[in-house]
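To start, the structure itself, in structure tokens.
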Amino acid sequence: PALQKMPRKTPSDLEFVAAVLADSAEYPSGTAASMRSMLATGLSDIVSALEDKTGETELPGELLELVRKVLQDASAHCLTGLKQREADAAAALAQCEASDAARDLASAALEEKMAQLQGLKTELAAAKAAEKKEKCSYSEVQATTQEILDGHAALQAQLTLSTRMAHAARGLQAGLQAGELSPTVESVLEYLAENGAEQALQAAARSAFERSPAERRPFDVVALEALVANLAAYQAAASEKVTLSTPSAEQARAEVLGAW
């Protein structure tokens, strides 16, 4: 466009135009490379012819028109390339922005997943703590329950033994022959000793058991009656203890089942 307004150019102007025409790679256009080369050579020749002159010079009109068309074409190509580069840059920028947005979304999703994972870890830790507490609680319940059940079983065993001893004593009272000393007698006497019966009663009972019912003296009869009465008292006391401990034992069994 400058050549249209200023047909008279200096040699330096012409050298620049010739360089533009010769460089089809940097300034592409639709004009054939051979035509551009010819125009560049023509301008270079003019520049050489004018090297001894100063000031401006006027270019031939026909050459000027050809140069003008080539430069306009190159300018249009450059403008098209610039617009394409701007479009490519805009597309690249949009792609970068989209990538940034996708990355932000992925980062937010990752943070959410990490938060969920942390929540699950917290829940798992709480569940393990609760499980451990339940196991400890069950162990405590089981230990307490076992203690109650063992105590109840011991009371039942005492009741069974006292019942057996009371029954044996009544039988011995009724039928023991003189001079006979059986293991049953020894068992009864040992039971009396274990339960803290008076030694005088133990000795009187042994002496009475050594005689038959017909040979027993009034003192022997009284001693055996006292013996039977004591054994009956032991039996009644054991029965009462079992009765009192039965609800606790049943509750303990229920608690064990509930702890499961």
Side-chain angles (χ1 to χ4, degrees), residues 121-260:
K121 287 182 178 180
T122 303
E123 292 178 2
L124 179 60
K128 287 183 177 180
E131 181 183 9
K132 184 177 180 180
K133 185 177 180 181
E134 288 179 0
K135 286 182 178 179
C136 293
S137 177
Y138 174 72
S139 299
E140 293 174 358
V141 170
Q142 190 177 34
T144 304
T145 301
Q146 190 61 45
E147 183 179 354
I148 294 174
L149 293 178
D150 290 344
H152 183 68
L155 292 176
Q156 287 180 321
Q158 291 178 8
L159 175 60
T160 300
L161 179 60
S162 63
T163 301
R164 185 165 61 86
M165 291 301 171
H167 179 73
R170 287 191 293 270
L172 291 170
Q173 181 185 23
L176 181 66
Q177 296 180 359
E180 183 179 1
L181 198 62
S182 68
T184 303
V185 172
E186 289 297 335
S187 299
V188 171
L189 294 175
E190 288 179 4
Y191 181 74
L192 284 174
E194 291 174 356
N195 284 271
E198 295 181 358
Q199 293 184 354
L201 177 60
Q202 297 179 40
R206 179 181 291 276
S207 177
F209 282 147
E210 292 176 351
R211 296 180 177 85
S212 66
E215 297 175 342
R216 289 171 185 164
R217 298 165 298 178
F219 178 77
D220 296 329
V221 174
V222 173
L224 291 178
E225 288 178 351
L227 170 67
V228 171
N230 279 357
L231 291 176
Y234 294 156
Q235 180 183 8
S239 177
E240 183 179 3
K241 290 179 181 179
V242 170
T243 301
L244 293 176
S245 68
T246 297
S248 298
E250 292 178 351
Q251 182 179 359
R253 292 192 185 94
E255 288 180 356
V256 169
L257 294 176
W260 282 102

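- A donor-acceptor contact shorter than 3.5 Å is absent between the side chain of S207 and the backbone of A203.
- Counting all heavy atoms, side chain and backbone alike, L227 lies closest to A205 at CD2-CB, 3.9 Å.
- Qualifying side-chain contact (heavy atoms from CB on, under 4.5 Å) partners for E147, counting only residues two or more places apart in sequence or in other chains: none.
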Can you give the donor-acceptor pairs under 3.5 Å from side chains of residues 157-168 to other protein atoms, not counting sequence neighbours?
{"from": "T160", "atom 1": "OG1", "to": "Q156", "atom 2": "O", "distance (Å)": "2.9"}
{"from": "S162", "atom 1": "OG", "to": "Q158", "atom 2": "O", "distance (Å)": "3.1"}
{"from": "S162", "atom 1": "OG", "to": "L159", "atom 2": "O", "distance (Å)": "2.9"}
{"from": "T163", "atom 1": "OG1", "to": "L159", "atom 2": "O", "distance (Å)": "2.7"}
{"from": "T163", "atom 1": "OG1", "to": "Q235", "atom 2": "NE2", "distance (Å)": "3.1"}

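- A side-chain donor-acceptor contact under 3.5 Å links R216 to the backbone of A208.
- Atom NZ of K241 and atom CG of L244 lie 10.0 Å apart (nearest 0.5 Å).
- From Q202, atom CD reaches atom CD of Q199 across 6.0 Å, with rounding to the nearest 0.5 Å.
- The side-chain heavy atoms of L189 and L192, taken from C-beta on, include a pair separated by under 4.5 Å.
- Residues meeting the side-chain hydrogen bond (donor to acceptor under 3.5 Å, both in side chains) test with D150, sequence neighbours left out: Q146.
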Step by step, would you call L231 with V188 a side chain to side chain contact (heavy atoms under 4.5 Å, CB included)?
CA-CA 9 Å; L231 291 176; V188 171; 4.0 Å; yes
